[in-house]
Amino acid sequence: MSNPTDPRQLPGADPHTGNRKIDPVTGYDTTGHDWGGITELNTAFPKVVIWALVLTFLYSVVAWILLPAWPTGRDYTRGLLGLDQSEEAIKGFNSLADRRQDWLSRFEGENFVALQSDATLMATAMPAAARLFADNCAACHGTNGQGGPGFPVLSDETWLWGGDTEEIATTIRHGINTEDPDTRYAEMPTFDWMERSDRLALAEFVSEMRGGVVDFESAAGTLFSENCSSCHGETGTGGLEIGAPSFTDEAVIYGQDRETVMETLRRGRHGVMPAWSGRLSEAEINLLALYVARLGRPEGGGQ
């Protein structure tokens, strides 16, 4: 049985002599624990911490009673306030959508010149357009429209069907090579029927067209005229607005080195741009077209 009067059994006392160690600076007893010359003081637990714990506990009890708290299978307790987080989120979304619709409805028409002339409207709309682009386009075309292998650049002035806002809106609305009845079609056929030596010569010729001088009177030039010029133009400049790119500029989708061109000749290309008319509203499509048209003309704006 412990003896409460025995000094050897007091906290911090030496079990043999009953002496306690006192910190000479603070006057507190020490616990006897020593870490490399640092002695632990036997101080009282701070009252502010105790009150903080008490208040935290009381708040949790009040919140448990008033707010949604406990799961009950597929549901949960609503609390005395009857709050529903999903309903609150929907209310907030609807409120935001209502405020957005006030200006978004103006984009339902296609008078792009009038829309762009309204500087206040465009200042309000372009941040929303940027989010539309990030959510629906950036995965393929890059966050700033810089494109990537197999996906065209949108931040330059090179276009397959023209860079007018109306043309861009049509592409967004109906897509390319999709099941939409008004889709744009752009297909590079396979030339695997061609002799490999001819394909090699043609691939070398096309790879040299960008920024170089080629001889259209050569055997490879004759191959190009007979097999490629009907889509890509007699000199490979494209511009026929049928989805056939130019070979004479820096804008390439799949690459224009000899190996990539050989792969294109052997397998063909059939890139798909989704039709967004089923996912985006007409106003959102027009807003997005205006945004994309401005990507390549950050100073002057789109058309």
Side-chain angles (χ1 to χ4, degrees), residues 1-107 119-140 142-144 279-281 283-284 287-288 291:
M1 178 179 297
S2 62
N3 184 358
T5 62
D6 189 345
R8 293 174 298 177
Q9 296 185 11
L10 294 175
D14 184 279
H16 302 290
T17 63
N19 295 328
R20 292 193 304 174
K21 295 181 179 179
I22 306 297
D23 180 59
V25 176
T26 63
Y28 285 110
D29 292 341
T30 65
T31 63
H33 300 158
D34 185 282
W35 291 276
I38 300 176
T39 302
E40 181 182 15
L41 300 180
N42 187 19
T43 58
F45 199 72
K47 291 184 178 180
V48 65
V49 176
I50 295 175
W51 278 110
L53 292 174
V54 171
L55 291 175
T56 301
F57 174 76
L58 292 176
Y59 172 80
S60 66
V61 172
V62 173
W64 177 30
I65 296 172
L66 298 179
L67 303 177
W70 291 94
T72 58
R74 295 185 177 181
D75 203 0
Y76 55 89
T77 58
R78 296 295 191 273
L80 295 181
L81 296 180
L83 297 179
D84 188 311
Q85 290 176 321
S86 61
E87 291 179 359
E88 293 297 316
I90 292 173
K91 288 179 182 178
F93 174 80
N94 289 336
S95 175
L96 179 63
D98 290 341
R99 294 196 302 271
R100 183 171 177 256
Q101 192 62 30
D102 290 341
W103 58 262
L104 182 61
S105 59
R106 295 185 56 185
F107 289 86
T120 302
L121 175 63
M122 295 303 291
T124 301
M126 283 302 102
R131 289 190 294 272
L132 269 177
F133 186 89
D135 291 342
N136 299 282
C137 312
C140 294
T143 55
N144 298 311
R279 171 166 176 164
L280 301 179
S281 68
E284 288 173 327
L287 174 60
L288 194 52
Y291 178 82

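Proximity of T77 to P68: side-chain heavy atoms (C-beta onward) are nowhere separated by under 4.5 Å. Contact annotation: the side chain of N136 approaches that of R279 to within less than 4.5 Å [non-hydrogen atoms, C-beta and beyond].
Taken to the nearest 0.5 Å, the CG atom of L287 stands 12.5 Å off from the CZ atom of R106. With rounding to the nearest 0.5 angstrom, the CD1 atom of I65 is 9.5 Å from the OG atom of S60. Taking CG of L58 as the reference point, atom CG of L53 lies at 11.0 Å (rounded to 0.5 Å). Taken from CH2 in W51 to OG1 in T56, the straight-line distance is 12.5 Å, to the nearest 0.5 Å. Considering CG of L121 and CZ of F107, their distance stands at 4.0 Å, rounded to 0.5 Å. Summarising the geometry, atom CZ belonging to R131 is positioned 11.0 Å from atom OH belonging to Y291; distances are rounded to the nearest 0.5 Å.
In this view, R78 and D75, D84 satisfy the salt bridge (charged side-chain N to carboxylate O under 4.0 Å, His left out) rule, not counting sequence neighbours.
Scanning both residues, T72 and Y76, for their nearest heavy atoms gives OG1-N, 3.4 Å.
Atom CH2 of W35 sits in a crowded spot, with more than 12 heavy atoms from other residues, nucleotides or ligands closer than 6.0 Å. Around atom CD1 of I38, no more than 12 heavy atoms belonging to other residues, nucleotides or ligands sit under 6.0 Å away.
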